[in-house]
Structures are given as structure tokens and as C-alpha cells.
2 protein chains.
Amino acid sequence: MTVVNIGQRIDGQYGELSPQEQRAADFILDHLSDLAVYNASELARLSGVSKATVSRLFRRLGFQDSAEVREHARALRSYGSPVGGPGASAGTPSRLAAHVEAEQENLRRMLVGVEDGRLDEASRLIASARHVLVIGMRNSYPLALHLREQLMQSRDRVTLGPVPGQSIGEDLAELGPRDAVVLFGFRRRAAGFAQLAQAIQRRGVPLVLIADSSARRHSDKATHWLECPIDSVSAFDSYAAAMSLVNLLATGAMGAHVRESRTRIAAITSAYEDLDELEVPW
Amino acid sequence: MTVVNIGQRIDGQYGELSPQEQRAADFILDHLSDLAVYNASELARLSGVSKATVSRLFRRLGFQDSAEVREHARALRSYGSPVGGPGASAGTPSRLAAHVEAEQENLRRMLVGVEDGRLDEASRLIASARHVLVIGMRNSYPLALHLREQLMQSRDRVTLGPVPGQSIGEDLAELGPRDAVVLFGFRRRAAGFAQLAQAIQRRGVPLVLIADSSARRHSDKATHWLECPIDSVSAFDSYAAAMSLVNLLATGAMGAHVRESRTRIAAITSAYEDLDELEVPW
DNA sequence: AGGCTGCTGAAACAGTTGTTTCATCTAGCT
DNA sequence: AGCTAGATGAAACAACTGTTTCAGCAGCCT
């Protein structure tokens, strides 16, 4: 069974629609991807017809009422691929597609939560801090590790904690207001996380906290709070969006850094060289 | 002038919000990118609070009424489209959008390169191997680390190499045709990569090779070749899609594994428990 | 011209949404 | 225990939304 979406329905009977109905239909077609955002009254107002006409149009298109259209529009909204009906979901391919769709949604959400300048501020902080300490435990550790490596491309004095056999306290003891800590705090945080965040705050060290929504309660201890979803259709959380955020942060820090450092050229060049570097012959 | 969006407003006073208000705020944060789609009643229903609470929350956040929130949500929604602000775009917002778009493209390509059964085969191999050795150096190391942690959720005998102070040769010496190696080989491979791959092949150990296109020349040494793009608009490669692939592989290995192991229930249960686990009190 | 048909928006109306009020409840305090 | 302050949802209500009715109107045929 193929789902016939509203755009197709309009195309199918555009000719039989009355002039005013066509006007409304035009507007709908022009805002298909946004449709869920408008209600029927607005549709009427924005397309310059009466509410009555919109109401009639929906009927004509085979919908029971405007609520049905709304519902339909929301189903459309999660587009990304005009994936087949839900029936096919049993098999492998759509399981993978669902996975990818979830990732894309995570990316979108990550972006929205970060694009209002937070990312830039955090980048600047990291770029200009005297010393940067990156902390991540358990599932957050690979992210911390990766961020540290990337930051090292454009600045020095970036350390990773905790180093085995040394407490974080020791790392922290050397930091002050002119330094910065990047703390990853994704779900399944180790015990002591709150104390750690608090200790950082008390020492007056600017803190960039990167975590999923479960860490909101700690966000007040951070000077910069970057929320990143890790939702997944599988039993494991997915850190793809987080990985993407790490890239953004490292990139941003490099960009911000170069403005105020004489190492600018060297930094950029070396990073780009890395990119283009030919494989070493073995 | 920075626009203070609703997400920031919530973060700014999350602590002062009442429990129910936090509940509603959580829902809003989780649907920031979608916010324009919901009206206040739905927000109330979906987040499990009364309409009154939602109404009060909006006030608390500095909005006149829900109409203002709606308007605000629509303004937010504008990302992704060429927002068009003439000079205003100053790079930042669309730079981020471009980044996310590149990530999504990587995800799609990763999926296409993997959904023809390769992933399933690799998963089954990993699930049924006697011993699994996961190897990743440099930029691939965080991925290897993460994969190892995830695989440990559903099976034992998963080791990570190389361990500092020990050569990979030693790890490898104990492996044979009934074991498996997962080798990450993303761009900027260390010298010796080719020899390593060859050594694995010669020992007859099944090899899952995960890397970007630059490693194609090594793909013939692998029994399972999973290509994953890491293209990025920035100076750094992005491992988001790779991270996503790791999730798929770990999930698949768990799924394949349970079919032939009595630890099935335990494995699934523990993984799901992790998911739902309440935060430990600190 | 007259009669017919279908399109249309104004208006009436029923249903829904969002705000405010109010009684109840809870936690903290004495 | 009694008291207080804040939190909360039910309910009342005002505002808005969407459907239906209805009268006007334009086009068309005879």
C-alpha cells in the first residue's frame, strides 16, 4: 500500500480545484516541508482565501478534517527519505535506515542547541585559555581523547584527564580562571561527577560541559553548556552527533585561535597538511 | 546583538523551575528543532503536565503568552534554509548548517556501502569469533576504544591493541582462523599498517577493515571491508559516521550473538538496563 | 430575461486552546 | 501539631479555530 501524500493528491486533482482552492493549494505546495507548522486559519490568511475554502479544500483532497491534515503533515515532516511504509520494517535494510534517520535527527537537534552562539563562545574560550584540561570517563572517554588530539593541532597545553594512577584533583590543582576545562558527561556518568563539576566551578575555572539531556541538572555548574543528543534505535547510545560536535569545537577553536596568536599560519598549515597528506609508503 | 532563544532561557533558569515545569522544559529542549509543530495543549499532554503549568512556564521564561512562544519557535526553525540575511549571515549559521549537511551525506554514503549484507556478515563474525582483537591507531584509536567497550556489553574476550609497551605482534600471535580482528584504518594511518594487515591475513585470521576510501588499496587483505566516509567542510576529518557505524556493528554483534549463546538474556537485559539506568546519586 | 449551477466569504456555531482562578496538597519550618 | 509558601491541576472562562450554513454573485444555457 502506497501512502499518497498531500502534495500528490493536489497534483492529481489540481485541475478540478476551484480558483480559490488552487490558491490555497499553491501555498500548501510551496510549504510542504513546513506544513505541520501552520494551522488551517493561518493557511487561509496566508494564502488569501477564507477559512471556509481551506476547509472545503481539505475535504476535496480526501481528508476527513483539518486534524487529519495536521496529522498527515507531521508524518511527512520526518522526511529524509520517502521511506516505504512501516510494514517493511521487519527486515534489515529499513532497520539500518531507521538508525541513520535517528542519527540525522540527533545531528539536527545538536545543531539547534548550539548554533545560537554557544559554540562560538566555547570555541573562543578553548582557544584563548592558558591551559585546557579535557575530561571524559567511560563512554565519554573516546570523545575526550579525540577532542584532545584535534585541539593539539592548533594549540599546545591540552591535557587529558584522568590519567590512570593520578587523580583528577591533581590536574585540577594547577588550573585557575584563565584556564579551561572541557568535561564530557554523557549518560552513565561515573560516581563523583557532580563533585568534580562543583570542584571545577569552585576553583573558578571556566567549564565547557558537553553531555546529553540527562546532565541538565549539572548545567548550572558550567559556564558553557553544550547539549548533544545520543538517542538511538538500538540498545546502545550513539555518539555520532557528539563526534560531530567535537569536530565543530576543534574547528572553531582553531578558527578563533588564529586571530590572536602568532602561531596562526603554522597551525592552519599543519592541520591542512594533515588533511592532504599522502599516505606514507610502506 | 545575541538573540536569546528559548533553549538558552531554559538553561539559564532551569534550576529555579519547579519540578513539573522542568518536565515541560525537558520536552521543549528535546524538541527544540520541532517546537513550532506543537501547540501549548499538546506540549502539556506530551510532557505530562497540565496546561496551566505550561502557561506559567512560558511566563516564567519571559514570554508574554503562548503566541509569542509560537512565533519564537518559528523564527528558530529557520535554520537549514538559506536564511538569506543579506550580510548578516557572516558565515556562522550557515557554516554550521553546511557542516551538518556534510555529516548527513557521510551517513547516507556509509549506509549505502554497508547495507548489502556486509554489515550483517561482519556482525555475525564478531559475534561468533572465539576472540576479538580491535585495533586502531591515531585518529582511529578512539573509535577502536569505543567499539571495544560496546562489544564487551554482549561478549567477553574482546581486547584492544596495541597496548602500550607491547607490540601488536604479541596480541596477534595468539589468534587463528576462529578468531577475528577489527582493524580501523582511517586516513593518516601509521607506518606499518600494510604489514599489519598482511600479517593478519597470513595468519588466516578473519579481518574486518573499517576505513575511509583512502584505504581501498588494503581492502583485499580484509575478509570484510566496510567503507565509511569522513569528509568534512572543516580542516579536520569528521568521524561521526564512523561512530555511527561502530554503533551499528556493536548492535548487530549483540543481535547475532544472542542467537547462539545462552548469555542472550543476560546480555540484552544488561544493555537495556544501561539504557534505562537511573543516575546514581552523588 | 429567467433559471440554473457552482464558487465564495460572512456569519453562526460547535469545538478547542490557553489563561486565570481557586482549592488542595506538599515540604519546610517552628 | 500548626503555619506558611510554593506547587499543582481542575475548572471556569475568554479567545481562537474550523465547519457548516446561507446569501450573494458570476457564468452559462435556453
Side-chain angles (χ1 to χ4, degrees), chain A residues 6 9-29 31-32 34-77 216-217 220, chain B residues 6 9-29 31-32 34-77 281:
Chain A
I6 189 169
R9 295 192 200 188
I10 292 175
D11 290 343
Q13 20 181 337
Y14 194 84
E16 291 111 64
L17 299 180
S18 71
Q20 288 295 87
E21 284 173 343
Q22 290 187 359
R23 233 173 128 185
D26 285 336
F27 183 89
I28 291 173
L29 289 177
H31 297 83
L32 258 193
D34 280 42
L35 198 52
V37 163
Y38 304 98
N39 60 35
S41 291
E42 286 175 306
L43 239 49
R45 207 180 62 247
L46 295 170
S47 56
V49 305
S50 67
K51 294 192 293 172
T53 299
V54 171
S55 195
R56 281 189 286 257
L57 172 62
F58 288 161
R59 285 287 169 78
R60 199 88 95 84
L61 295 175
F63 296 97
Q64 196 67 30
D65 54 20
S66 72
E68 204 176 297
V69 174
R70 207 174 158 73
E71 208 178 332
H72 180 85
R74 290 193 188 180
L76 279 185
R77 184 182 48 90
R216 270 177 207 157
R217 65 163 101 161
D220 57 339
Chain B
I6 189 169
R9 295 193 199 186
I10 291 175
D11 289 343
Q13 10 181 343
Y14 194 83
E16 289 108 65
L17 299 181
S18 71
Q20 289 294 87
E21 284 174 341
Q22 290 188 359
R23 231 171 130 185
D26 282 336
F27 183 90
I28 291 173
L29 289 177
H31 296 84
L32 259 193
D34 276 41
L35 195 53
V37 163
Y38 304 97
N39 60 35
S41 290
E42 287 175 305
L43 240 49
R45 200 166 31 85
L46 295 171
S47 55
V49 306
S50 66
K51 294 193 291 171
T53 300
V54 172
S55 194
R56 281 188 286 257
L57 172 62
F58 288 161
R59 286 289 170 80
R60 200 87 95 85
L61 295 175
F63 295 95
Q64 196 66 31
D65 53 20
S66 71
E68 205 175 296
V69 174
R70 208 173 158 73
E71 207 178 330
H72 181 86
R74 292 192 186 179
L76 271 187
R77 183 185 47 93

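These figures come from a predicted structure and were not determined experimentally. Lettering of chains follows the sequences in order, A, B, ..., and the numbering in each one begins at 1. Just so you know, these numbers use all the heavy atoms, side chains as well, and skip hydrogens, waters and symmetry mates.
Here the side chains of L43(B) and F27(B) are in contact, with some heavy-atom distance below 4.5 Å. Side-chain contact between R56(A) and R59(A) is absent, with no heavy-atom pair separated by less than 4.5 Å.
To the nearest angstrom, P of dC16(D) lies 14 Å from CZ of R70(B). At whole-Å resolution of the value, CZ in R56(B) and P in dA7(D) are 9 Å apart. Summarising the geometry, the separation between CZ on F58(A) and C1' on dT17(D) is reported as 12 Å, rounded to the nearest angstrom. Residue L17(B) contributes atom CG, which lies 10 Å from atom P of dT8(D) at whole-angstrom precision. Here dG6(D) presents its C1' atom at 11 Å from CD of E21(B), a figure rounded to the nearest Å. The interatomic distance linking Y38(A) (OH) with dG18(D) (C1') rounds to 19 Å, in whole Å. One interatomic measurement links the two molecules: CD of Q22(B) to C1' of dT8(D), which rounds to 15 Å at whole-angstrom precision.
Nearest heavy atom pair, residue V49(B) against residue A24(B), reads CG2-CB, 4.2 Å. Across all non-hydrogen atoms, the minimal contact from Q22(A) to L17(A) is NE2-O, 3.3 Å.
Positionally, the nearest nucleotide of DNA chain D for R23(B) lies more toward the 5' end than for the other of K51(B) and R23(B).
An OP1 or OP2 oxygen of dT19(D) is reached within less than 4.0 angstrom by a side-chain nitrogen or oxygen of S55(A). Contact annotation: S41(A) side-chain N/O to dG18(D) OP1/OP2 distance is under 4.0 Å. Between S66(A) and dT17(D), a side-chain N or O to OP1/OP2 separation shorter than 4.0 Å is absent.
With hydrogens and angles left out, the side chain of R59(A) and the base of dG18(D) share no donor-acceptor pair within 3.5 Å.
Around CD of Q13(A), the count of heavy atoms belonging to other residues, nucleotides or ligands within 6.0 Å exceeds 12. Within 6.0 Å of the CD atom in Q64(A), the count of heavy atoms belonging to other residues, nucleotides or ligands does not exceed 12.
Contact annotation for A52(B): base contact, defined as any heavy-atom pair under 4.0 Å involving a base atom.
Between E42(B) and R74(A) there is a salt bridge, since a side-chain N of the basic residue sits under 4.0 Å from a carboxylate O of the acidic one.
Chain A approaches DNA chain C within less than 4.0 angstrom (heavy atoms of the protein), and the contacting nucleotides run 5' to 3' from dC7(C) to dA10(C).
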